[in-house]
Every structure is written in structure tokens, then in C-alpha cells.
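Just so we're clear, the structure is a prediction, and the values are computed from it rather than from any experiment.
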Amino acid sequence: MSTGSDAQPTTQHIERISPEQLNPQLVRKLPLEFLKKQCAIPITLETGDVAIALSDPLNVEAYDAIMTVLGRLCPRIICPASEIEQAIIRCYYQSAGNRNRENPDMQFSPEDPNGEDGVDGGIHAEDLLSIANKAPVIKLVNNIFFQAVNSRASDIHIEPYEEQVRIRFRVDGVLHDVLNLPKNQVAALVSRLKIMANLNIAERRLPQDGQSRIKIGENLMDIRVSIIPTSGGERVVLRLLDKGSGELSLNEIGFSPNVLDRFRNLIQLAHGIILLTGPTGSGKTTTLYAAMSELNCEERNILTVEDPIEYQLSGVGQMQIKPKINLTFANCLRHILRQDPDIIMIGEIRDVETAEIAIQASLTGHLVLSTLHTNDSASAITRLIDMGIEPYLISSSVVAVMAQRLLRVICPECKTPYILDEQTALQLQEKERAFINNGQLYKGTGCKNCLDTGYLGRTGISELLVIDEDIKELVSQRCGSHIIKETAIRKGMSTLRADGLRKALAGETTLEEVYRVTQDYVQTNVRKNGHVDS
């Protein structure tokens with residue numbers, strides 16, 4: 001075999017390897033570890049010729065070795081190492097996914113003949129690309145993780161029923177059916193997940209929570225595991241947290257310019273409580289991390305109490321609560337206050353004790369950031385009063401409340417204008433219909449880029465309630481949340497619904513998505529005051 005220099009006197013450079021250039025049949029001829037170590041992969045050019053992509057143009061040994069295995073002369077392509085790494089991941093995912101689809105009902109034993117199930121169940125990275133050497137149950141679990149990551153899923157749901165096991169992925173906040181397995185496979189599947197999360201395999205009567213970590217190429221991903229017993233078997237939900245994705249900045253969350261400027265000014269205050277509200281999965285924690293990243297500097301001491309710690313922030317002291325040893329939010333806060341913090345982040349205010357300590361911390365010169373589970377911003381005030389907090393303490397400590405939701409963004413590849421249908425129009429208020437009629441609406445028709453959903457990614461909508469003197473007076477009088485909200489709207493507050501409608505008219509999302517996400521918010525306000533203020 002000739003050397004690479006004899007075969008191809010000139011060298012091409014590319015920045016990206018497209019999916020069409022990947023050929024799993026060629027890649028399977030070469031050892032996975034060899035490709036990863038040498039950072040090389042065979043690809044197919046537009047002309048149909050096979051080329052070898054390398055990150056190091058001087059790596060002649062790897063180039064010649066691949067040509068020897070393929071049995072042909074190949075041109076040399078120089079490509080960034082990160083792109084080759086991603087191409088290897090995509091190629092092996094495609095190969096594994098095809099095998100899984102060809103035989104979705106494959107049988108396996110819960111025993112691993114290679115002893116792979118006996119690995120330490122702690123937080124150790126397991127390279128999912130080493131599929132070929134795994135037992136069938138481990139291959140199945142790895143394939144599920146591969147497909148979830150490739151689909152941009154945030155959660156994996158494994159749901160056993162009487163005759164089958166349904167697997168669903170939550171993508172951009174919406175669940176999608178992915179795979180159905182025979183019922184006899186659920187025990188081995190759940191056992192494998194328990195081993196990965198260091199949970200008790202023998203315990204099937206009680207709920208269990210744990211965590212694990214997987215490795216896909218160079219990316220680490222934390223897995224939060226929740227298992228509960230149901231009538232059909234053990235139901236599993238896996239939350240995927242990409243450790244390499246990095247936290248969003250406040251500029252990337254989706255705030256309107258006015259809200260962003262006001263929120264930035266609020267988090268620069270020396271003391272007070274800023275609350276973020278919304279249901280689970282509305283982006284509250286992401287906003288908290290973005291705010292702390294912006295505040296983080298050598299002049300400030302930032303401490304957090306979380307359950308769990310989702311991302312590690314350099315320069316920030318983070319504590320995780322442990323209820324089993326009575327390390328609760330309240331107990332953590334008592335000790336944190338002795339650490340001379342400037343800013344305290346509390347993952348969630350769940351009880352009156354935590355709320356009281358947070359208020360005392362704010363009154364003694366600390367800025368406190370935290371969350372509450374309420375539908376809108378004004379309801380956070382009445383929620384604290386219901387907990388047992390005196391109104392005068394709330395009005396003197398809480399400086400702002402921001403409610404959030406996440407909307408799916410229209411896929412840019414299949415975005416197209418459309419006319420609002422009559423059924424959706426009837427669901428809108430009269431002012432909303434007039435507002436919508438003044439602009440053009442868009443939607444996604446579905447394509448490969450967005451997995452035929454019409455949406456790609458999510459953005460935030462918000463309403464920011466600043467506690468000024470007028471609002472403080474209403475709080476002191478124990479007024480209802482609808483009165484507080486109406487007063488704030490008259491003073492210029494933009495509601496969640498109004499923010500969503502503006503994003504729909506700007507072509508960022510669809511009107512149906514705005515209605516879906518704000519439906520519970522609208523129904524709550526209709527019950528309170530008989531109409532919706534947009």
C-alpha cells in the first residue's frame with residue numbers, strides 16, 4: 001500500500017461533516033477505540049468517492065492504516081477534531097439505532113456474562129460508544145440514551161403497562177412516543193438503571209431516587225433517576241442534564257428588552273428577595289443560574305442551597321440538602337448566614353420556616369434569590385401569606401416577583417406563514433383577536449431538522465411584578481392576588497399572555513403554543529376576576 005502522500009498529493013480542508021457524508025458500513029470495519037484515539041473517520045464525498053477525515057494532517061500512520069483496512073486509495077480531508085468526534089458519535093448512534101429498530105423485540109437476560117453489570121454504581125462516567133462489547137440489556141439502555149440525546153430530550157419516561165412497556169421522550173417540554181417493548185423486558189431494563197444509579201435492585205415496593213453519569217464522546221451528562229412502583233411495574237423517569245452545554249446568560253433566556261433591563265437592575269440591589277415563580281419545567285432554575293453567573297465576581301460571596309445541584313458554578317459555594325440527615329433548606333440557611341454571604345440562592349421556598357429565614361436574611365443586608373410554585377407573579381404574595389408570613393414582612397423584604405413559562409420556538413428550516421383558524425380565534429379574548437389581526441402568524445410544517453415537530457428549541461416569556469409603594473399598600477391590606485395583578489397591569493406590567501402574543505407576532509412561536517403554555521394561567525385568572533388582562 002502506498003503512503004498517504006503518494007496517494008493524494010493535495011489535501012482538502014472542511015469545517016463540517018454533514019450527515020449525508022457518514023457511512024456506518026465503512027465505519028464498522030474499523031475499531032471504535034482506534035477512530036477515537038486517532039481522531040479519524042472515513043467519509044463519503046459528494047462525488048461518491050471515499051475520503052479519510054483527519055484532525056492531524058501529519059498522522060500518516062492512521063491514514064495508511066485506514067486505507068489498508070478499506071482496501072482502497074482515499075483522498076485526505078483535514079477537519080476540526082471536535083467535528084470528527086461528533087461525526088463518530090452520530091455514525092455509531094445511527095448504526096446502533098438501526099439495529100435496534102430492525103429487532104425491537106430482542107430478548108435479553110438480566111445477567112451480564114462479561115460482568116459489566118457489576119460496575120461501581122457511583123458517579124462514574126460510562127462511555128456509551130462502546131456498545132459492541134456490552135450485553136444486550138446494556139446495549140438497549142445505551143441505545144435509549146443515544147436516541148434521547150440525538151432527539152434533544154430533557155427527560156426519558158419508561159412506563160410499564162399490562163402488556164407492554166412504553167418509552168417516551170420529553171422534547172422541548174412535550175412528550176413523544178418513541179418505543180414499545182415487551183412487558184418481560186422491564187425488570188432487566190429497570191435493574192440496569194438501578195445499578196447505574198447505585199440503587200437497591202431488590203427493592204421494588206418503595207420509590208427510589210438516585211443519579212448517575214454517562215459519557216458520549218467527550219461530553220458528560222448527569223442523569224437524575226426517579227423510580228416509583230405502579231400497578232404495571234416500576235415506572236422510571238430519567239432527567240438528562242448536559243454538563244458540557246454551559247449555562248445560559250440572561251440575554252439568551254428570551255426576556256423582552258424592558259424586562260431584561262429592569263431585572264438586571266433588581267439583581268444588583270444590596271438586599272431584598274427576588275422570587276421566580278411558575279410550574280416545574282418553566283425555566284426558573286435556568287434564570288437563577290444565569291443571574292448568579294452575571295453576579296459572580298471576586299468581590300461577592302455567593303452561596304446556594306439546592307435540591308439537587310444541577311450545574312456547578314465556579315466561584316459559587318453550593319450546598320445540597322439531605323433530608324435523611326435533617327439537612328433541610330432551613331437548617332442549611334442557618335449555617336450559611338454565618339458564612340458572611342453577599343448573595344444567597346435558595347432552590348425553593350417550600351415551608352414557613354424557610355420563608356422566615358429568607359426574609360430575615362434579606363432584612364439583615366443580603367440579596368436572596370429563590371423560587372415558588374405559583375401560576376403568576378401576584379399569586380406569590382398570597383402564597384407567602386397563606387404560609388403564615390405577616391404581610392408587613394413581605395412588603396418590607398420582597399422587591400420583585402417574576403413569573404415564567406417556556407415556549408417552543410418555530411423551526412427556522414420549515415417556518416411558513418399561515419392564517420389563524422376559526423377554532424383557535426374563538427379561544428382568544430376580543431382584545432387579543434384585534435392584536436393578532438394586526439400582524440402575520442407563522443408555524444413550522446415539520447422537517448428532519450426539527451424531527452417533524454415544527455419546533456426547535458425553547459424561549460422564555462415572563463411577567464415582572466415590581467413591589468413598589470402602591471403594591472406594598474395592597475399587600476399590607478391583604479388584598480387578593482387579582483387586585484394586585486390589576487394594579488400592576490395599570491402601572492405597565494406586561495403579562496405572560498401578552499408577552500407570548502408578542503413573540504407569536506414576531507414569528508418566534510405559534511399562537512397555538514402560546515395558548516397551550518398559558519392556558520392554566522388564563523383559567524386561574526378567569527376564575528378570580530372573570531376576565532383576562534392582556
Side-chain angles (χ1 to χ4, degrees), residues 123 209 211 222 224 241 243 247 250 263-277 284-374 380-381 383-402 467 472 475:
I123 310 301
D209 295 311
Q211 57 184 353
D222 278 355
R224 292 202 329 234
L241 300 170
K243 307 301 285 187
E247 291 77 45
L250 289 176
F263 186 73
R264 275 205 165 106
N265 291 332
L266 288 167
I267 63 176
Q268 296 296 333
L269 294 175
H271 57 84
I273 298 178
I274 299 175
L275 294 173
L276 300 177
T277 73
K284 302 186 298 296
T285 302
T286 300
T287 302
L288 284 178
Y289 276 96
M292 287 191 296
S293 295
E294 190 155 308
L295 293 170
N296 190 14
C297 65
E298 63 180 13
E299 291 85 11
R300 294 189 177 104
N301 180 22
I302 305 177
L303 297 175
T304 75
V305 184
E306 306 176 55
D307 181 31
I309 297 173
E310 295 195 4
Y311 297 101
Q312 296 289 340
L313 291 178
S314 177
V316 175
Q318 298 173 261
M319 290 182 65
Q320 178 162 335
I321 71 167
K322 298 177 182 178
K324 291 183 180 179
I325 59 174
N326 201 31
L327 190 62
T328 61
F329 277 110
N331 288 337
C332 286
L333 280 175
R334 291 191 185 94
H335 295 283
I336 273 182
L337 290 175
R338 300 169 189 164
Q339 293 282 317
D340 187 31
D342 298 296
I343 299 169
I344 300 172
M345 191 277 272
I346 307 169
E348 181 184 349
I349 294 179
R350 297 177 178 174
D351 51 54
V352 64
E353 188 178 14
T354 304
E356 288 174 343
I357 298 175
I359 288 173
Q360 293 302 321
S362 69
L363 294 176
T364 54
H366 304 87
L367 178 64
V368 179
L369 308 175
S370 190
T371 70
L372 273 177
H373 286 286
T374 61
I381 304 299
R383 175 79 178 99
L384 291 173
I385 294 176
D386 291 342
M387 281 185 178
I389 305 299
E390 291 296 331
Y392 75 90
L393 289 175
I394 298 173
S395 60
S396 59
S397 60
V398 179
V399 296
V401 183
M402 183 162 67
I467 311 299
K472 287 181 180 180
V475 173

Could you check whether any side-chain N or O of [X] sits under 3.5 Å from a backbone N or O of [Y], counting only pairs where one atom can act as donor and the other as acceptor?
X: R383; Y: L372; answer: no
X: D222; Y: Q211; answer: no
X: E306; Y: Q318; answer: no
X: D342; Y: N301; answer: yes
X: S362; Y: H271; answer: no
X: N331; Y: N326; answer: yes

If you look at every heavy atom in [X] and [Y], which pair is closest and at what distance?
X: L303; Y: Q339; answer: CD1-CB, 3.4 Å
X: L363; Y: S396; answer: CD2-O, 3.6 Å
X: T354; Y: A330; answer: OG1-N, 3.7 Å
X: I385; Y: P391; answer: CD1-CG, 4.3 Å
X: P341; Y: I336; answer: CD-O, 3.4 Å

**Asked** Taking only residues two or more places apart in sequence or in another chain, which ones pass salt bridge (charged side-chain N to carboxylate O under 4.0 Å, His left out) with K472?
**Response**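 With neighbours one apart ignored, the set is E469.
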Separation of [Y] [atom2] from [X] [atom1] (nearest 0.5 Å):
X: L313; Y: S293; atom1: CG; atom2: OG; result: 5.0 Å
X: I389; Y: I381; atom1: CD1; atom2: CD1; result: 11.5 Å
X: L327; Y: H335; atom1: CG; atom2: NE2; result: 7.5 Å
X: E310; Y: T286; atom1: CD; atom2: OG1; result: 7.0 Å
X: R264; Y: L250; atom1: CZ; atom2: CG; result: 5.5 Å
X: Y289; Y: I309; atom1: OH; atom2: CD1; result: 6.5 Å

**Asked** Is the closest side-chain heavy-atom distance between I343 and V316 below 4.5 Å?
**Response** no
**Request:** Evaluate whether atom NE2 of H373 has more than 12 neighbouring non-hydrogen atoms of other residues, nucleotides or ligands under 6.0 angstrom away.
**Result:**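 Yes - once you tally the heavy atoms of other residues, nucleotides and ligands closer than 6.0 Å, there are more than 12.
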Using the side chain to side chain contact (heavy atoms under 4.5 Å, CB included) definition, which of the options [options] pairs with [X]?
X: F329; options: I321, I357, I349; value: I321
X: I274; options: L367, L288, L269, V401; value: L367
X: L275; options: T371, T374, L384; value: L384

**Complete:** Residues pairing under salt bridge (Lys or Arg N to Asp or Glu O under 4.0 Å) where one sits in residues 350-363, two or more places apart or in two chains, turn out to be D307-R350, R334-E353, E348-R350
